[in-house]
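Along the sequence shown, residues carry numbers from 1.
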Amino acid sequence: MDGIRIRGGKPLSGRVRISGSKNAALPILCATLLSEGESLLRNVPDLRDIGTTGQLLATMGCIVDCAPPVVRVTARHVTPEAPYDLVKQMRASVLVLGPLVARFGKAKVSLPGGCQIGSRPVDQHLKGLEALGATIRTDHGYVLAEAPRLRGAEIVFDMPTVTGTENLMMAAALAKGRTTLVNSAREPEVIELARVLNKMGAKVQGAGTSVIEIEGQDELAPFDHAIIPDRIEAGTYLVAAAAAGGDVLVENVPVEDLEALISKMRGAGVILEPDGQGVRVVRTKPLRSVDVTTSPHPGFPTDMQAQFMVLMCLAEGTSRISETVFENRFMHVPELNRMGADIEVQGHTAFVRHAKRLDGTEVMATDLRASASLVIAGLVAEGETLVRRVYHLDRGYERMEAKLGALGADVARVQHVEG
Ligand code: EPZ
């Protein structure tokens, strides 16, 4: 397995461009199943999860030309089955369930199972499909769903779920009649999916609010769409530049989707100036600790919690970081403490005290965003850091070592690192 080796202690300077959004591209790739024509996606990031989704669509019989930043998908002759060996690689594969049932009247999709950050149930997805008239049963780890024709209904989510909202928006787009989704997720990626569904001829209103109305159609047309920038990749580079210190222009940043993060970074003493389509990050003074609680959008993103924690390791004082979205998203803490951080976890809150310095060492990535936090810690640490299992990073960050290298970081990918 590959690793990333970082020699830290260097401030960053220069400019970095943000790629297309992974968490927007994944549901939109699944939306191609709703139409029989050839759909075209542009500004698609070159990531493992994109390749996995292309492989899943091809396994089902779609014609897929996956050449990021352009991906073409034709879903004409489709076998509505998603096998375990692909679904286990990427939980977001569950997003094929809604489109398959809506278009083909049945689906057999492996249950995604949990992952490092939590049990990740899909009960809300299944309850919603049942409300639309699907018969759902589980058998040997697979979800079997059937419905001659889905019918519009009112669905109230027990909690805002991003892929739950996306799955049911797609299913409702081909249902007969009107569907109302209540307590929906408000993430920008939900809004982007609604834009695509409306391009396909669906009638989706209210995306971005907690109540979404969908007027189902008998059929939908293919689409041509350029994906929005990745707000979490953008946030990761803003935090990396602030942690390492220096003066960096992060280009193509969806500032309006990062208000909670930017507000907390400014509270910590980081200078963030809008500059055209980008943000200039300057950090030359000591950082102040600020408290953070993650919550569904527009709150502080759980996907930025691990990265922000590294910044708080460097800040004067103690920062309290509470993770309210997932039950086990502090796995980066023991690895950061091995680098000299001073973090104590009590339940869902991490108390992050000022660390005089971080020392480079060998660390192990456990999930996508924890990997990013370990790389950021390596940029700051004295000496050399080796981040193992960097395949986690490749799932969500396009050419991270090249982008950081262009900012002056001493970063390299190393092959065949055991463990
Ligand atoms: C999406 O995951 C993102 N993935 C995650 O990003 C992100 O962390 C998460 O939303 C929260 O923002 C994609 O968009 C592909 P949820 P998702 O359903 O949809 C509970 C990354 O790093 N829940 O919004 O799976 C769930 O356990 C990834 O790019 C149920 O109980 O998250 C969690 O506590 C990691 N039952 C909460 O809701 C359900 O049926 C929010 O989860 C569904 C969710």
Side-chain angles (χ1 to χ4, degrees), residues 4-16 18 231-250 253 258 260-273 279-292 300-301 303-319 321 332-333 335-343 350 352-361 363 365 368-385 387 393 397 400-401 403-411:
I4 293 249
R5 191 220 62 230
I6 307 132
R7 291 195 184 97
K10 300 174 67 175
L12 300 182
S13 63
R15 55 180 58 200
V16 60
I18 298 307
R231 63 190 169 99
I232 303 300
E233 185 196 22
T236 302
Y237 283 100
L238 293 177
V239 168
D247 185 338
V248 169
L249 174 62
V250 183
V253 176
L258 284 170
L261 171 70
I262 288 171
S263 166
K264 288 294 179 183
M265 290 182 72
R266 283 180 170 145
V270 182
I271 295 167
L272 295 158
E273 292 164 349
V279 174
R280 186 167 168 234
V281 190
V282 179
R283 207 273 288 176
T284 51
K285 293 190 298 193
L287 291 160
R288 296 187 293 271
S289 61
V290 292
D291 294 343
V292 162
F300 190 97
D303 291 349
M304 281 303 307
Q305 177 255 107
Q307 300 92 309
F308 194 80
M309 189 179 284
V310 180
L311 203 58
M312 291 296 98
C313 292
L314 312 173
E316 305 291 334
T318 298
S319 160
I321 298 181
H332 42 288
V333 169
E335 298 301 292
L336 292 174
N337 283 339
R338 290 182 58 241
M339 296 179 73
D342 181 2
I343 308 166
V352 186
R353 299 182 188 90
H354 178 236
K356 290 180 186 46
R357 73 160 199 271
L358 296 180
D359 296 318
T361 184
V363 289
L368 169 54
R369 307 305 174 183
S371 320
S373 80
L374 295 175
V375 170
I376 295 171
L379 293 173
V380 174
E382 307 262 322
E384 187 169 289
T385 298
V387 181
L393 211 59
Y397 291 96
M400 183 179 245
E401 68 272 14
K403 290 189 177 186
L404 288 173
L407 293 174
D410 183 346
V411 179

Item to check | Arg7 with Glu384: basic N within carboxylate O range, under 4.0 Å | outcome: yes
Checklist entry - Got a second to check how far Ser373's OG is from Leu368's CG, nearest 0.5 Å? => result 10.5 Å
Next on the checklist: Is there a side-chain contact (heavy atoms from CB on, under 4.5 Å) between Val281 and Asp247? Walk through the geometry before answering.
Outcome noted: CA-CA 6 Å; Val281 190; Asp247 185 338; over 6 Å; no
Checklist entry - Is a salt bridge present between Arg338 and Asp359, judged by a nitrogen-to-oxygen distance below 4.0 Å? => result no
Checklist entry - Are Glu316 and Arg288 side-chain neighbours, meaning at least one heavy-atom pair lies under 4.5 Å? => result no
Checklist entry - Is there side-chain contact between Val411 and Leu379, with at least one heavy-atom pair below 4.5 Å? => result yes
Checklist entry - To the nearest 0.5 Å, how far apart are CG in Asn337 and CD1 in Ile343? => result 5.0 Å
Checklist entry - About how many Å separate CG of Leu314 and OG of Ser289, when rounded to the nearest 0.5 Å? => result 11.5 Å
Checklist entry - Which heavy-atom pair separates Ala365 from Ser371 by the least distance, and what is that distance? => result CB-OG, 3.3 Å
Checklist entry - Going from CD on Glu273 to CZ on Arg266, what distance comes out if it is rounded to the nearest 0.5 angstrom? => result 8.5 Å
Checklist outcome for this item: What one should report as the nearest heavy-atom pair of Ala341 and Leu358 is N-CD2, 3.6 Å
Checklist entry - Taking it one step at a time, do Val387 and Ile6 satisfy side-chain contact (heavy atoms from CB on, under 4.5 Å)? => result CA-CA 8 Å; Val387 181; Ile6 307 132; 4.0 Å; yes
Item to check | Heavy-atom side-chain proximity of Asp410 to Arg5 below 4.5 angstrom | outcome: yes
Checklist entry - Are Val352 and Ile321 side-chain neighbours, meaning at least one heavy-atom pair lies under 4.5 Å? => result yes
Checklist entry - Going through the checks in order, is the side-chain contact (heavy atoms from CB on, under 4.5 Å) test met by Phe308 and Val292? => result CA-CA 9 Å; Phe308 194 80; Val292 162; 3.5 Å; yes
Item to check | Non-hydrogen atoms of Gly360 and Thr385 that approach each other most closely | outcome: CA-OG1, 3.1 Å
Checklist outcome for this item: To the nearest 0.5 Å, atom NE2 of His354 lies from atom NZ of Lys356 at 7.5 Å
Checklist entry - Taking all non-hydrogen atoms of both residues, which atom of Thr318 and which atom of Asp291 are closest, and how far apart? => result O-OD1, 4.1 Å
Checklist outcome for this item: Rounded to the nearest 0.5 angstrom, the CG-CG distance for Leu238 and Leu258 is 6.5 Å
Item to check | Heavy-atom side-chain proximity of Glu233 to Lys403 below 4.5 angstrom | outcome: yes
Next on the checklist: Quick check: do Cys313 and Met339 have side-chain heavy atoms less than 4.5 Å from each other?
Outcome noted: no
Item to check | Lys264 side chain vs Val290 backbone, donor-acceptor pair below 3.5 Å | outcome: no
Checklist entry - If you look at every heavy atom in Ala240 and Ile376, which pair is closest and at what distance? => result CB-CG1, 3.9 Å
Item to check | Minimal non-hydrogen separation, Ala372 against Met400, with atom names | outcome: CB-CE, 4.4 Å
Checklist entry - Hey, does Ile232 have a side-chain heavy atom less than 4.5 Å from the side chain of Tyr397? => result yes
Item to check | 4.5 Å side-chain heavy-atom contact, Arg369 and His332 | outcome: no
Checklist entry - Between Arg283 (side chain) and Ala241 (backbone), is there a donor-acceptor pair under 3.5 Å? => result no
